[in-house]
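Indexing begins at 1, ligand by ligand and atom by atom, following the structure's order.
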Amino acid sequence: MPTVGELQELLREVSLRVTRPRVAVLAAVYGYPHADTDSIIGAVRNELPDVSHQAVYDSLHTLTAAGLVRRIQPLGSVARYESRVGDNHHHAVCRSCGAIADVDCAVGHAPCLTASEDHGFVIDEAEVIYWGLCADCSRRT
Ligand SMILES: [Zn+2]
Ligand SMILES: [Zn+2]
């Protein structure tokens, strides 16, 4: 977990003003990978009880736009946020309980960014989701 000082430094590195909601939201995203907005609001309110929903939404949007936070939204799920950015890793999603796990690219550095046919698109992200049942759910069936 990065310290508050390190989180502030991350904000400065991307030329964002350091505000308490932004630092608290970034800390929550680091602390709870793949958390949805409601969970992040809950975590942030432990630190800043008076923070508004809007301030959390705005911070998430700003942090995502600045590349400090990655937003993923598997089909049928609300948006989730994570601090692991820039490596284009993939996700395994449980069809039953919605649990999400990180899956590294199978070989090398972000190979899936190289589409076999780009149709003229300038591609900057590839999204691969492995769907199935998590360990807990598959034991239950
Ligand atoms: Zn599950
Ligand atoms: Zn992830």
Side-chain angles (χ1 to χ4, degrees), residues 1-49 51-141:
M1 262 301 286
T3 63
V4 170
E6 286 165 347
L7 295 173
Q8 292 172 340
E9 189 56 36
L10 286 172
L11 289 167
R12 287 193 200 98
E13 275 169 14
V14 295
S15 307
L16 285 181
R17 206 156 48 83
V18 174
T19 65
R20 281 158 59 87
R22 284 177 184 169
V23 171
V25 167
L26 200 50
V29 173
Y30 270 90
Y32 305 94
H34 311 128
D36 61 16
T37 309
D38 286 346
S39 316
I40 291 168
I41 289 171
V44 169
R45 286 205 166 142
N46 286 334
E47 296 291 316
L48 301 175
V51 77
S52 68
H53 279 229
Q54 196 58 47
V56 173
Y57 288 126
D58 290 349
S59 297
L60 280 170
H61 182 261
T62 303
L63 295 169
T64 304
L68 293 180
V69 166
R70 179 176 171 193
R71 179 185 189 277
I72 59 166
Q73 187 163 20
L75 194 67
S77 167
V78 295
R80 311 292 191 112
Y81 296 88
E82 65 185 344
S83 57
R84 189 177 157 186
V85 295
D87 66 352
N88 199 61
H89 68 274
H90 309 310
H91 293 99
V93 182
C94 178
R95 290 185 196 283
S96 179
C97 71
I100 300 179
D102 285 338
V103 179
D104 288 335
C105 280
V107 279
H109 179 67
C112 305
L113 279 175
T114 310
S116 53
E117 166 58 85
D118 65 14
H119 299 281
F121 285 53
V122 178
I123 293 171
D124 60 23
E125 182 173 347
E127 187 175 77
V128 176
I129 296 182
Y130 302 96
W131 292 94
L133 291 175
C134 73
D136 285 346
C137 290
S138 62
R139 262 196 298 274
R140 234 173 270 135
T141 53

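- A donor-acceptor contact shorter than 3.5 Å links the side chain of Q73 to the backbone of S77.
- Between the Zn ion (ligand 2) and the N, O or S atoms of E82, the shortest distance is to OE1.
- A pairwise comparison of heavy atoms in P2 and L7 identifies CG-CD2, 3.7 Å as the closest pair.
- For C94 atom SG and C97 atom SG, the angle they make at the Zn ion (ligand 1) is roughly 110°, to 10 degrees.
- Rounded to 10°, the angle formed at the Zn ion (ligand 2) by NE2 of H34 and NE2 of H89 is 170°.
- Annotation: R84, atom CZ; neighbour count of heavy atoms from other residues, nucleotides and ligands within 6.0 Å is above 12.
- Closest approach between the Zn ion (ligand 2) and any N/O/S atom of D102 involves OD1.
- We find the CG-CZ distance between L16 and R22 to be 5.0 Å, quoted to the nearest 0.5 Å.
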